[in-house]
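As C-alpha cells, the structure follows; a few thoughts come after it.
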Amino acid sequence: MGTYKCCLIFKRRFRWTDAPPPDDVRALFAEHSGGAATMGADGLRRYLESSAGGDPDAADADAEGEADRLLDQIRLQGHQQRAGPRLPRLGRGQLLGLDDFHRFLFSADLNPPVRRPRVHHDMSQPLSHYYVYTGHNSYLTGNQLSSDCSDVPIIKALQRGVRVIELDMWPNSAKDDISILHGRTLTTPVSLLKCLKSIKEYAFVASPYPVIITLEDHLTPELQEKVAKMVLEVFGTILYYPEEEHPKELPSPKSLMGRVLLSTKPPKEYLEAKDGGAAKDGDAEQNPGKGTDDDAAWGTEVPDFKTEIQSAKQEDDASENRRDDDDDDDDEDEQKMQQHLAPQYKHLITIRAGKPKGGTTSDALKCDPNKVRRLSLSEQQLAKAVVNHGTEIVRFTQRNLLRIYPKGTRVTSSNYNPFIGWVHGAQMVAFNMQGYGRALWLMHGFYKANGGCGYVKKPDFLMQSEPEVFDPKKPQPVKKTLKVKVYMGDGWRMDFKQTHFDQYSPPDFYARVGIAGVPADSVMKKTKAVEDNWVPVWGEEFSFGLTVPELALLRVEAHEYDMSEKDDFAGQTVLPVSELQPGIRAVALFDRKGNKFPNVKLLMRFEFV
C-alpha cells in the first residue's frame, strides 16, 4: 500500500499489486507444460529449444542440463530475494508454476534480449573490416574548455570496452616533459606517464582485442624521443609495431590480441607556432556554461543524418577554411617534417595518419595500393563529403581507416549521429565518452554486439566492390520486419523513492520504442500512459520495416507522463537488432549515463518476419 499527501491535509492510498502474467505467457506455459499446472525440466528444455530462433548458442547442446541449471538459478534467486516482490516460488521436485515461469521470463539475468556475451564474428580480417569502439579526447572529465584532465575517464572507457584512446600531447610548462591536455584551453593537465600506465593496467579487462592509442602530437623531437622511451618502458612486449614502414595491409584483431598500437601523424604545430596559436574550430565561440542542464543533454533527440548533411551544406565558407587540430597532414607536409621526427618514435607508429598531396576531398580519398593509412574528418567535413563522394568514402574504407571526430563547437562534450559514419564504412567514429545523451546511448548499444569486445565486423555489402560499391544514397528495399510487443514494466518501486516521479500519486509510465539506423529505418513510437501504477501493463505491439537491418539499433525508453511539467526520465536501453533473440525477453533499463538499474526492466517480445 502506498500513501501520498494531497492538498497538505488529505492522504490518498494506492494498493500495490503485481500484474498477472500476460496471455501470451499463459499460452507458452500451457504449450510447454502439456496443459498441466506445473512445468518440469523437460518442459523448460522444450521451451528453450523452441525459443532459440536458430541461434546455436541459445540452443545449448546439453539442453537438459541447461534447463536443470536454470531451475537451480530460479530457486536460488527466490531464496535470496524471498522478502521482495515478484519472487520465483518453486514447488516440490523443482517444478515451475505459471507465476514461476512468468518470473523466469521477466528476469533480465536469466532471459536477456541479446545473445550471451561471446565473440562470434570472424576476427581474422584486416582492421579496416571492423568498426572500432573509439573515444575522443579520452582524458577529459567534463567539458572541452575548462574541465580537469585525468586518467579516470580513460580507465572508465576501457572498462566499458572502448578500444581507441585519444591523447593530446603537449610540452609541460618547463618544456622538459609531456602533459596531456586539450591545448589552448583552461583544462588542467595530467602526465602522459600516468595515462600510459593506466592504459596498460586496464587495456584488456573488458576485451582481449587490441587497444589503439591515437596521439595528437604537439611536441619537439627531443620530447618525441622521450615519448618513445616511455612507451617502450611502460608497454614492453605488448607494444606492436610493424617491421616495414608502410604496410600494404593492416593486421587483424585476432593477430593483435593483447597488444597495444600507436597511431599518429608527423607534428607541425611546434614548427608553425611554438607559443599560442589559433584555437580549434569554434572553441572560442561557445559559452561552456550554456546548455549544460542535465535534461537538455539527455532530452535532445539525435538528429537524422539527412538533417546534419543539410546543416553542414549551409555553413559559411569561412568555417570550412579554418584549420582544426585534428586535421591530418598531407604528404608534402609529412616530407618536410620527417627530418624533425625522432627516429625511434617514428618507428613505433603502426597506423600512420595523413592524406595525399592536394586539397580536394577526392584527393584525400584516393587509395594507394602500396600502403594503408588513417584519414581523419570532422563530423562537418564528413557531412559535406558524403553529398558528392559517398561511394568514394565507402571504397576508401575497404582498405584504409577513416576516423570521424566531433566538431569543435561541442564544448559541452555532446555527440553527433554516428550512423552517417557507420553507413559509409568509417571504422573510428570517435565520441566524447565522458558525456551522455541519446547519441552516446546509440554508441553504447552498437558495441554490445559481438560479445561487447569493441570490434564489430562491418556488413559484407560495405566491403564489396563488384558489381559496384555500395551507395548509401540509393533507396533500399525492406529486407526484414521486426515486430516488437511491449507487455509491461517493473522495478521502479525498488530503485526509486515513492515520490520520485510524483508527489501526490503513483507514476504514469509510458514506453517509447523505435529504430535508430539509416534515415529510411529511423522512427520512434510510444505506448499509452498507464495511470497511477508502479507496474504498468501496456500490451502494445509495433512493427518496423528495416532496409539495412545489419546496422539497425532498437531503442527503448521509459518515461513518466507529467501533465504540467516535462515528462520524467525512467530508463533507457539500446540493443543491436542483429543480436536480438526472438521470443519473450526481459529487457533491463539503464540510467542516463549508461549504468544499469538494479531492478528496472520491461517484458517484451521480438519477432522477425
To check you understand the geometry: which heavy-atom pair defines the closest contact between [X] and [Y], and what is its length?
{"X": "Ala552", "Y": "Ile515", "value": "CB-CG2, 4.1 Å"}
{"X": "Leu554", "Y": "Val577", "value": "N-CG2, 3.8 Å"}
{"X": "Phe606", "Y": "Pro113", "value": "CE1-CB, 3.8 Å"}
{"X": "Thr573", "Y": "Lys448", "value": "OG1-NZ, 3.1 Å"}
{"X": "Gly135", "Y": "Glu166", "value": "O-CB, 3.9 Å"}
{"X": "Leu482", "Y": "Leu546", "value": "CB-CD1, 4.2 Å"}

Is the cationic atom of Lys407 (NZ for Lys, CZ for Arg) positioned less than 6.0 Å from the six-membered ring centroid of Tyr416 and within 45 degrees of its normal?
no
Identify whether NZ of Lys or CZ of Arg in Lys474 sits under 6.0 Å from the centre of the six-membered ring of Phe461 and within 45° of that ring's axis.
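No - Lys474 does not lie over the ring of Phe461 by the 6.0 Å and 45° rule.
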Would you say the side chain of [Y] lies within less than 4.5 Å of the side chain of [X], judging by non-hydrogen atoms?
{"X": "Lys458", "Y": "Gln427", "result": "yes"}
{"X": "Leu442", "Y": "Asn415", "result": "no"}
{"X": "Val25", "Y": "Phe106", "result": "no"}
{"X": "Leu551", "Y": "Pro459", "result": "yes"}
{"X": "Met604", "Y": "Val556", "result": "yes"}
{"X": "Leu603", "Y": "Pro22", "result": "yes"}
{"X": "Asp568", "Y": "His500", "result": "no"}
{"X": "His559", "Y": "Phe501", "result": "no"}

Is the side chain of [X] donor-acceptor paired with the backbone N or O of [Y] at a distance under 3.5 Å, no angle test?
{"X": "Ser33", "Y": "Phe29", "result": "yes"}
{"X": "Ser138", "Y": "Ile165", "result": "no"}
{"X": "Arg585", "Y": "Pro582", "result": "yes"}
{"X": "His121", "Y": "Asn450", "result": "no"}
{"X": "Arg115", "Y": "Glu579", "result": "no"}
{"X": "Thr141", "Y": "Asp148", "result": "yes"}
{"X": "Glu560", "Y": "Asp508", "result": "yes"}
{"X": "Asp521", "Y": "Thr547", "result": "yes"}
{"X": "Gln159", "Y": "Val205", "result": "no"}
{"X": "Asp495", "Y": "Asn599", "result": "yes"}

Inter-residue atom distance [X].[atom1] - [Y].[atom2], 0.5 Å rounding:
{"X": "Leu553", "Y": "Ser522", "atom1": "CG", "atom2": "OG", "answer": "9.0 Å"}
{"X": "Asp532", "Y": "Asp502", "atom1": "CG", "atom2": "CG", "answer": "8.0 Å"}
{"X": "Leu602", "Y": "Met488", "atom1": "CG", "atom2": "CE", "answer": "10.0 Å"}
{"X": "Trp534", "Y": "Phe509", "atom1": "CH2", "atom2": "CZ", "answer": "5.5 Å"}
{"X": "Tyr139", "Y": "His182", "atom1": "OH", "atom2": "NE2", "answer": "5.0 Å"}
{"X": "Asn137", "Y": "Ile154", "atom1": "CG", "atom2": "CD1", "answer": "10.5 Å"}

Quick check: Phe496 with Phe597 (ring centres under 6.0 Å apart)?
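Yes.
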Please check if the number of heavy atoms outside Lys156 that lie under 6.0 Å from its NZ is greater than 12.
no
Is Lys593 atom NZ crowded by more than 12 heavy atoms from other residues, nucleotides or ligands, each under 6.0 Å away?
no
Name the orientation class of the two ring planes belonging to Tyr47 and Phe101 (parallel below 30°, tilted from 30 to 60°, perpendicular beyond 60°).
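Taking Phe101 first and then Tyr47, their aromatic rings stand perpendicular (interplane angle over 60°).
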So, applying ring-ring contact (aromatic ring centres under 6.0 Å, His included) with Phe569, which one of Trp441, Phe590, Tyr436 is it?
Trp441
Please determine if Glu31 and Arg46 form a salt bridge, counting it only when a charged side-chain N lies under 4.0 Å from a carboxylate O.
no
Can we say Glu607 and Lys483 salt-bridge, meaning some charged N sits less than 4.0 Å from an Asp/Glu carboxylate O?
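The answer is no: the pair does not qualify as a salt bridge.
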Have a look at Glu540 and tell me which of Lys528, Arg605, Lys485 forms a salt bridge (charged side-chain N to carboxylate O under 4.0 Å, His left out) with it.
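It is Lys528, the one option of Lys528, Arg605, Lys485 that forms the salt bridge (charged side-chain N to carboxylate O under 4.0 Å, His left out) with Glu540.
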Checking Ser147 against Gln434 for the side chain to side chain contact (heavy atoms under 4.5 Å, CB included) test, could you report, in this order, the C-alpha distance in whole Å, the side-chain angles of both residues, the deciding distance, and whether it holds?
CA-CA 11 Å; Ser147 65; Gln434 78 277 20; 5.9 Å; no
Partner of Glu557 under side-chain hydrogen bond (donor to acceptor under 3.5 Å, both in side chains), picked from Lys526, Arg512, Gln572, is Arg512
Would you check, one step at a time, whether the test side chain to side chain contact (heavy atoms under 4.5 Å, CB included) holds for Ser146 with Thr187?
CA-CA 4 Å; Ser146 60; Thr187 56; 5.9 Å; no
Test log, rule side chain to side chain contact (heavy atoms under 4.5 Å, CB included), inputs His444 and Val574
CA-CA 7 Å; His444 291 165; Val574 176; over 6 Å; no
What residues, two or more places apart in sequence or in another chain, satisfy side chain to side chain donor-acceptor pair (under 3.5 Å) together with Asn432?
His136, Gln144
Pairwise salt bridge (Lys or Arg N to Asp or Glu O under 4.0 Å) hits with a residue in residues 412-424, at least two apart:
none
Where do Asn417 and Val302 land on the side chain to side chain contact (heavy atoms under 4.5 Å, CB included) test, with the steps shown first?
CA-CA 6 Å; Asn417 188 330; Val302 180; 3.8 Å; yes
